Amino acid sequence: ETGVTQTPRHLVMGMTNKKSLKCEQHLGHNAMYWYKQSAKKPLELMFVYSLEERVENNSVPSRFSPECPNSSHLFLHLHTLQPEDSALYLCASSSAGSLRNTIYFGEGSWLTVV
Amino acid sequence: TQLLEQSPQFLSIQEGENLTVYCNSSSVFSSLQWYRQEPGEGPVLLVTVVTGGEVKKLKRLTFQFGDARKDSSLHITAAQPGDTGLYLCAGARSSNTGKLIFGQGTTLQVKP
């Protein structure tokens with residue numbers, strides 16, 4: 001059972017395509033995150049939204065555009081990506097201000113850019 | 001700069017053996033979490049430790065947070081093939097944010 005659901009699970013797109021990844025959390029959390037996981041590299045934090053406001057953008061290229069319309073939904077809009085952007089994109093959520101800082105991940109969207 | 005060093009990066013053992021995975025840093029963390037991840041899936045939370053010296057047990061898994069809250073270990077007793085996976089440690093620098101710093105991960109293979 002996962003309280004964070006991501007769609008699609010797998011996506012293949014060309015470098016000129018526009019696509020979006022969707023994330024929905026059912027845990028009542030007020031913070032959401034996008035992480036990138038590439039082979040042989042630690043998970044990289046991309047964006048943080050707390051109370052629907054973007055509070056962090058870790059120098060992510062503008063071809064990645066996040067959107068958080070409410071505290072339960074998070075999108076990652078993709079445009080003119082490069083093959084090196086192929087990776088597992090993980091959405092996560094947490095309760096901002098929680099002492100334990102526990103974040104819960106979705107199952108990920110596996111992206112292949114051709 | 002890798003703030004969390006996880007070791008070993010790869011471990012292949014026989015069923016029934018014991019093992020320990022280490023997560024070390026020169027920085028202090030307000031909390032530290034351990035995750036297990038299977039190929040193509042998202043990380044699944046195993047435990048969160050908050051207090052220096054804290055020890056938590058989850059069946060055959062024992063987690064310890066260092067007294068100075070700079071390091072942590074995961075010990076598995078009598079490993080089973082079902083324990084196979086990628087184990088990730090992640091530390092939070094601040095108590096009011098869920099932003100985590102991840103280690104490189106330890107890939108564990110338990111052979112029957």
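Residue numbers begin at 1 in each chain, while the letters A, B, ... track the order of the sequences. For clarity, every value in this text was computed on a predicted model and none was experimentally measured.
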Fill in: Rounded distance (nearest 0.5 Å) linking atom OH of A:Tyr35 with atom CZ of B:Phe102
5.0 Å
Worksheet item: For B:Gln37, is it the side chain, the backbone, both or neither that has a heavy atom under 4.5 Å from a heavy atom of chain A?
Response: side chain
Under a 4.5 Å side-chain heavy-atom rule over Ile, Leu, Val, Met, Phe, Trp and Tyr, are [X] and [Y] clustered together?
{"X": "B:Leu58", "Y": "B:Val55", "result": "no"}
{"X": "A:Val60", "Y": "A:Val113", "result": "yes"}
{"X": "B:Val44", "Y": "A:Trp110", "result": "no"}
{"X": "B:Tyr22", "Y": "B:Val49", "result": "no"}
{"X": "A:Leu43", "Y": "B:Leu86", "result": "yes"}

Item to complete: Pick one of side chain, backbone, both or neither for A:Gln37, based on which atoms fall under 4.5 Å of a heavy atom in chain B.
Response: side chain
Discussion item. Just checking A:Phe75: does its CZ atom have more than 12 heavy atoms from other residues, nucleotides or ligands closer to it than 6.0 angstrom?
Written reply: yes
Practice prompt. Apply the test side chain to side chain contact (heavy atoms under 4.5 Å, CB included) to residues A:Tyr33 and B:Leu100: give CA-CA distance (whole Å), side-chain angles for both, the deciding distance (0.1 Å), then the verdict.
Written response: CA-CA 10 Å; A:Tyr33 312 80; B:Leu100 299 177; over 6 Å; no
Worksheet item: Between A:Arg9, A:Lys41, A:Glu44, which has the largest tally of heavy atom pairs under 4.5 Å with chain B?
Response: A:Arg9
Discussion item. How close do B:Tyr35 and A:Ile103 get, counting heavy atoms only, and between which atoms?
Written reply: OH-O, 2.8 Å
Item to complete: Kindly give the heavy-atom pair with the smallest separation between B:Gly103 and A:Pro42, and that separation in Å.
Response: O-CB, 3.7 Å
Worksheet item: For chain A, which of B:Gln9, B:Gln6, B:Glu41 has the most heavy-atom pairs under 4.5 Å?
Response: B:Glu41
Practice prompt. Please list, in residue-number order, every residue in residues 78-93 of chain A that has a heavy atom less than 4.5 Å from any heavy atom of chain B; write 'none' if there are none.
Written response: A:Leu88, A:Leu90
